[in-house]
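If you're wondering where the values come from, they're calculated on a predicted model, not measured in any experiment.
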Amino acid sequence: MEHLERPAEEVWEERRLWFEEQEAGFARHGAQSPSEQACALMIDLQAVFCAGAWAAVAILACAVTEAQGGSRHESLPGVADADYRWLRALRNRLSHENRSDPELTVEDQWLRRDLWEERARRAVSIAFAALYPAAAETTGNGDKG
């Protein structure tokens, strides 16, 4: 299947550098007791991000966020409520298909890659905000409004 080919080395490197720059930006402000599982899941998150597996990025980013803050929390330090709700809703739509209106289609995989990449980048940023809440507090990105 053509779609399963690896991204070009340059694409992989651009994605890896973006991911690592995001992490460095958040980490500058220090982590507050990151969970072991959240940190371990970040390794897989980076791998699927670099590969361009955008739906998997959203699902794993939500898992990281929930591992760090607990799945029952409606409010997480460093993560805006609207961002957390968006990420959970996206993960739920991907995990629990509505057959009459699927969140992701095969056509999306070919024609809407840019939209899904945008969503994946937002999901990664939310996961980092959960992992490094002090960064959001320092920069003002953790507003709960």
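The CD1 atom of I126 sits 12.5 Å away from atom CZ of R88, with the distance rounded to the nearest 0.5 Å. L41 CG to C62 SG: the interatomic distance, rounded to the nearest 0.5 Å, is 11.0 Å. Considering CZ of F128 and CD of Q68, their distance stands at 12.0 Å, rounded to 0.5 Å. If you take CG on L131 and CD on E23, they are separated by 7.5 Å, rounding to the nearest 0.5 Å. In this structure, F49 CZ and M42 CE are separated by 10.5 Å, a value rounded to the nearest 0.5 Å. Once rounded to the nearest 0.5 Å, the distance linking CG of D101 with CZ of R99 reads 13.5 Å.
For Q37, the CD atom sits in a loose shell: 12 or fewer heavy atoms of surrounding residues, nucleotides or ligands are nearer than 6.0 Å.
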### Test salt bridge (charged side-chain N to carboxylate O under 4.0 Å, His left out) applied to R113 and E117, step by step
CA-CA 6 Å; R113 302 284 301 156; E117 182 174 356; over 6 Å; no

### Task
Start with the C-alpha distance between Y84 and E66, add both sets of side-chain angles, then the distance that settles side-chain contact (heavy atoms from CB on, under 4.5 Å), and finish with yes or no.
CA-CA 9 Å; Y84 184 46; E66 291 183 344; 3.3 Å; yes

### Test side-chain contact (heavy atoms from CB on, under 4.5 Å) applied to W54 and L115, step by step
CA-CA 10 Å; W54 306 133; L115 170 67; over 6 Å; no

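Ion pair E103/R119 flagged as a salt bridge, since at least one NZ, NE, NH1 or NH2 atom sits closer than 4.0 Å to an Asp/Glu carboxylate oxygen. Between R28 and E21 there is no salt bridge, since none of the side-chain N atoms of the basic residue sits less than 4.0 Å from a carboxylate O of the acidic one. Salt bridge E118/R121: absent, no basic N to carboxylate O contact under 4.0 Å.
At a threshold of 4.5 Å between non-hydrogen side-chain atoms, the residues W18 and V124 count as touching. A heavy-atom distance below 4.5 Å is not found between the side chains of E13 and C50. The side-chain heavy atoms of V11 and R15, taken from C-beta on, include a pair separated by under 4.5 Å. Residues R122 and W86 form a side-chain contact, since some pair of their non-hydrogen atoms from C-beta on lies under 4.5 Å apart.
For the residue pair A58 and L87, the shortest heavy atom distance occurs at O-CD1, 3.7 Å. Taking both residues in full, the closest heavy atoms of L94 and A55 are given as CD1-O, 3.9 Å, listed atom of the first, atom of the second, then distance. Scanning both residues, S100 and P102, for their nearest heavy atoms gives C-CD, 3.9 Å. Of all non-hydrogen atoms in A47 and W12, the two that sit nearest each other are O-CH2, 3.9 Å. Scanning both residues, P133 and A130, for their nearest heavy atoms gives CD-O, 3.5 Å. Between A61 and A127 the shortest heavy-atom distance is O-CB, 3.9 Å.
In this structure, a donor-acceptor pair under 3.5 Å is present between the side chains of Q46 and E20. There is no side-chain donor-acceptor pair under 3.5 Å between N92 and S95.
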